[in-house]
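None of these values were measured; they are calculated from a predicted model.
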Amino acid sequence: PQSAWGNALHHAFHYISRTIQAGYDFPEEEEVKHVAVQSLQKEQLYREEVEELEQKLDDILPGLLAHSKSGFYRRHWAEYSFRDLYLTVDDVPITGNIDRIEYDEDQKVITLVDFKTGKAIESWSDNQQKGKLAKFKRQLDFYGALMNEAGFWRSGWSLRGRIDFLEPNDQGEYISLEREITQQDIDFIEKLLTCIYGYISRLDFPEITKYHKQGGVKAQERFLQDLL
């Protein structure tokens, strides 16, 4: 159900973007809900699960749309797919979809946005969520690599990544986590990609038992450094 819920909200947001960019007014709440419900009904869910998620839509949609509305009027690409660009990094094929790419012409900033459902994380420095935050960071850095290889990162522009949580925290606030994506970040993720691709191509899979024993974020970081 959690995956279906995320897909439904992604479809709803994509619909709003397409509606605004086509020159129409911001769609009514019921119209947006209809798109999300259609998405849910295409998933392999029990009827009770669909009904539960529909109720969840009723609970959060008014606040989510009120919070997000202004963002749809910024210059942006929604659900941008790199599939047809046939990008490579040192002969390693890479592709992906970015939920939203925002362009701020005045500040010369490109922001790569990923939408997340589930419990919001309040800060990049949340020590209890280090593992999940490290994955978020790598995901945003990979998006940066896609932009870099596609030639979409313009000279003189800053590149940023942002995680937007689509469900409010316990105080009813909507949380976004933003960070700069540097050339160093992109170089690291591209080096990691080519390294992992090499291991897979050679069917040479490293021993990971010692990392499992250590566990935690430090073990993950050590594993990545050892790979490189």
Side-chain angles (χ1 to χ4, degrees), residues 6 9-27 64-65 67-117 120-121 123-125 132-166 174-198 224 228:
L9 292 184
H10 278 73
H11 281 122
F13 266 44
H14 190 202
Y15 174 79
I16 296 171
S17 288
R18 287 190 289 110
T19 301
I20 297 296
Q21 291 171 353
Y24 296 103
D25 292 336
F26 195 92
L64 177 60
L65 295 183
H67 170 77
S68 306
K69 186 174 183 178
S70 62
F72 287 99
Y73 290 94
R74 301 181 196 135
R75 185 189 169 201
H76 71 278
W77 297 344
E79 294 284 345
Y80 188 84
S81 172
F82 291 80
R83 180 183 59 188
D84 295 332
L85 298 184
Y86 302 102
L87 303 177
T88 61
V89 174
D90 292 334
D91 295 326
V92 178
I94 61 171
T95 189
N97 292 355
I98 300 180
D99 290 337
R100 177 184 287 175
I101 304 174
E102 297 179 351
Y103 286 88
D104 186 331
E105 297 281 353
D106 295 332
Q107 300 297 322
K108 293 193 180 323
V109 176
I110 301 172
T111 305
L112 314 178
V113 184
D114 190 74
F115 300 136
K116 299 292 185 189
T117 54
I121 301 175
S123 166
W124 285 112
S125 58
K132 186 175 288 188
L133 290 167
K135 291 178 183 178
F136 289 172
K137 179 182 181 298
R138 287 194 294 272
Q139 182 179 9
L140 294 175
D141 291 345
F142 176 72
Y143 289 167
L146 289 172
M147 294 289 288
N148 188 51
E149 296 304 323
F152 294 162
W153 184 8
R154 306 175 186 177
S155 177
W157 285 58
S158 297
L159 190 63
R160 302 192 64 81
R162 191 176 77 234
I163 301 293
D164 281 353
F165 291 97
L166 301 185
Y174 288 88
I175 305 298
S176 292
L177 301 180
E178 189 166 341
R179 57 178 292 274
E180 184 179 5
I181 301 173
T182 67
Q183 187 63 55
Q184 184 178 2
D185 294 325
I186 292 173
D187 290 344
F188 175 82
I189 206 73
E190 290 189 347
K191 186 177 180 181
L192 186 61
L193 286 169
T194 56
C195 177
I196 292 174
Y197 188 80
L224 295 179
L228 298 172

- request: Measure up the Phe82 and Phe152 rings against each other and bin them: parallel (under 30°), tilted (30 to 60°), perpendicular (over 60°).
  value: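 Ring orientation of Phe82 relative to Phe152: tilted.
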Validation row: [X], [Y] side chains within 4.5 angstrom (heavy atoms):
X: Phe188; Y: Leu228; answer: yes
X: Leu112; Y: Trp153; answer: no
X: Asp164; Y: Asp99; answer: no
X: Ile181; Y: Arg179; answer: yes
X: Tyr197; Y: Val89; answer: no
X: Lys116; Y: Gln139; answer: yes
X: Val113; Y: His76; answer: no
X: Tyr143; Y: Leu159; answer: no

For a quick test of reading the model, state the closest non-hydrogen atom pair linking [X] to [Y] and the distance between them.
X: Phe13; Y: Leu64; answer: CE1-CD2, 3.8 Å
X: Glu149; Y: Thr88; answer: OE1-O, 3.5 Å
X: Pro27; Y: Ile16; answer: CG-CG1, 3.9 Å

Roughly how far apart are [X] [atom1] and [Y] [atom2], rounded to 0.5 Å?
X: Arg83; Y: Leu85; atom1: CZ; atom2: CG; answer: 10.5 Å
X: Phe72; Y: Gln21; atom1: CZ; atom2: CD; answer: 10.0 Å
X: Glu102; Y: Arg74; atom1: CD; atom2: CZ; answer: 4.5 Å
X: Asp84; Y: Thr95; atom1: CG; atom2: OG1; answer: 8.0 Å
X: Asn148; Y: Ile186; atom1: CG; atom2: CD1; answer: 4.5 Å
X: Ile163; Y: Phe115; atom1: CD1; atom2: CZ; answer: 10.5 Å

- prompt: Is the NZ or CZ atom of Arg18 both under 6.0 Å from the centre of the six-membered ring of Tyr24 and within 45° of that ring's axis?
  reply: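 Ring-cation test returns no.
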Taking atom [atom1] as the centre, does [X] end up with more than 12 heavy-atom neighbours from other residues, nucleotides or ligands that are less than 6.0 angstrom away?
X: Arg75; atom1: CZ; answer: yes
X: Glu105; atom1: CD; answer: yes
X: His11; atom1: NE2; answer: no

message: Applying side chain to side chain contact (heavy atoms under 4.5 Å, CB included) to Trp77 and Ile98, what does each step give before you reach the verdict?
response: CA-CA 9 Å; Trp77 297 344; Ile98 300 180; over 6 Å; no
task: Quick one: list whatever passes salt bridge (Lys or Arg N to Asp or Glu O under 4.0 Å) with Lys137, sequence neighbours left out.
output: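 Lys137 satisfies salt bridge (Lys or Arg N to Asp or Glu O under 4.0 Å) with Asp141, Asp185 once adjacent residues are dropped.
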task: Ignoring hydrogens and angles, tell me if any N or O in the side chain of Asp90 forms a donor-acceptor pair with the backbone of Thr194 under 3.5 Å.
output: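 Not a single qualifying donor-acceptor pair exists.
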task: Using the side chain to side chain contact (heavy atoms under 4.5 Å, CB included) rule, take Ile189 and Arg138 through it: C-alpha gap first, then chi angles, then the decisive distance, then the call.
output: CA-CA 7 Å; Ile189 206 73; Arg138 287 194 294 272; 4.1 Å; yes
Stepwise side chain to side chain contact (heavy atoms under 4.5 Å, CB included) check, Thr19 with Phe26: CA-CA 7 Å; Thr19 301; Phe26 195 92; over 6 Å; no
- request: Applying side chain to side chain contact (heavy atoms under 4.5 Å, CB included), run through Ile175 and Ile121 and close with a yes or a no.
  value: CA-CA 7 Å; Ile175 305 298; Ile121 301 175; over 6 Å; no
